[in-house]
Visitor: 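Here you go, one structure.
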Amino acid sequence: MNDARDLLTRLPLCFMPDVAGDLSMTAQYMTRHPVYIVIDDGHCQAHEGLAEAPDVTLRIRDDHLIKLMTGRMRGITAFLTGKIKVEGNYILAQRLQQVFDPSRIV
C-alpha cells in the first residue's frame with residue numbers, strides 16, 4: 001500500500017461496528033491529500049477533503065500513516081515521537097485504533 005489517501009478511503013472496509021457501539025465522531029486526517037472519516041449509528045464513511053467541524057484532527061505524513069495503519073508503527077510511539085499530532089478530542093483519537101481492524105485493509 002503506497003498511497004495514504006487510498007488507505008484512508010478504504011478504512012470503512014475494516015470498520016468493526018460491534019466494537020464502535022454508539023460511537024459518533026468525525027476524524028480529519030491531514031495528510032498530503034486530506035481525508036475525513038465519519039462514524040455514526042454503526043456506520044463508517046470516508047470522504048476526501050476537509051470536514052466542516054471534526055471532533056479530532058490527526059496530522060501525519062503519508063509514509064508514517066502507512067506504517068501506522070499496516071502495523072509497522074504503534075500509535076503511542078507515533079504520538080510520543082511527534083510523528084502524529086492530535087488536535088481536539090484525544091479520547092476519540094484513541095478510540096479510532098480500536099474500531100478498525102487493519103488486517104482487513106492490506
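Counting begins at 1 with the first residue of the sequence.
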Visitor: Measuring from Ile66:CD1 to Ile60:CD1, what's the distance to the nearest 0.5 Å?
Guide: 9.5 Å
Visitor: Determine, step by step, whether Ile37 and Cys44 satisfy the side chain to side chain contact (heavy atoms under 4.5 Å, CB included) criterion, reporting the C-alpha distance in whole Å, the side-chain angles of both residues, the deciding distance to 0.1 Å, and the verdict.
Guide: CA-CA 7 Å; Ile37 304 297; Cys44 176; 3.5 Å; yes
Visitor: Counting N and O atoms only, with roles assigned by atom type, does the side chain of Asn89 sit under 3.5 Å from a partner on the main chain of Asp55, one being a donor and the other an acceptor?
Guide: no
Visitor: So does Pro54 get a backbone contact from the side chain of Gln28, meaning a donor-acceptor N/O pair under 3.5 Å?
Guide: no
Visitor: On a heavy-atom basis, which atom in Lys85 and which in Gly82 lie closest, and how many Å separate them?
Guide: NZ-O, 3.1 Å
Visitor: Identify the two heavy atoms, one from Asp62 and one from Arg32, that lie closest to each other, and give their separation to 0.1 Å.
Guide: OD1-N, 2.9 Å
Visitor: Under the ring pair (Phe, Tyr, Trp, His ring centres under 6.0 Å) test, which residues partner His47, sequence neighbours left out?
Guide: Tyr36
Visitor: Is there side-chain contact between Lys83 and Met73, with heavy atoms separated by less than 4.5 Å?
Guide: yes
Visitor: Work out which heavy atom in Leu50 is nearest to a heavy atom in Met30; give both atom names and the distance.
Guide: CD2-SD, 3.7 Å
Visitor: Between atom OG of Ser24 and atom CG of Asp40, what is the distance when rounded to the nearest 0.5 Å?
Guide: 4.0 Å
Visitor: Check whether any side-chain heavy atom of Leu7 lies under 4.5 Å from a side-chain heavy atom of Val35, and answer yes or no.
Guide: no
Visitor: Working to the nearest 0.5 Å, report the span between CG of Leu23 and CD of Gln98.
Guide: 9.5 Å
Visitor: Going by heavy atoms in the side chains, are Arg5 and Thr31 under 4.5 Å from each other?
Guide: no
Visitor: Quick one: do Thr57 and Val86 satisfy side chain to side chain contact (heavy atoms under 4.5 Å, CB included)? Show the steps, please.
Guide: CA-CA 6 Å; Thr57 300; Val86 178; over 6 Å; no
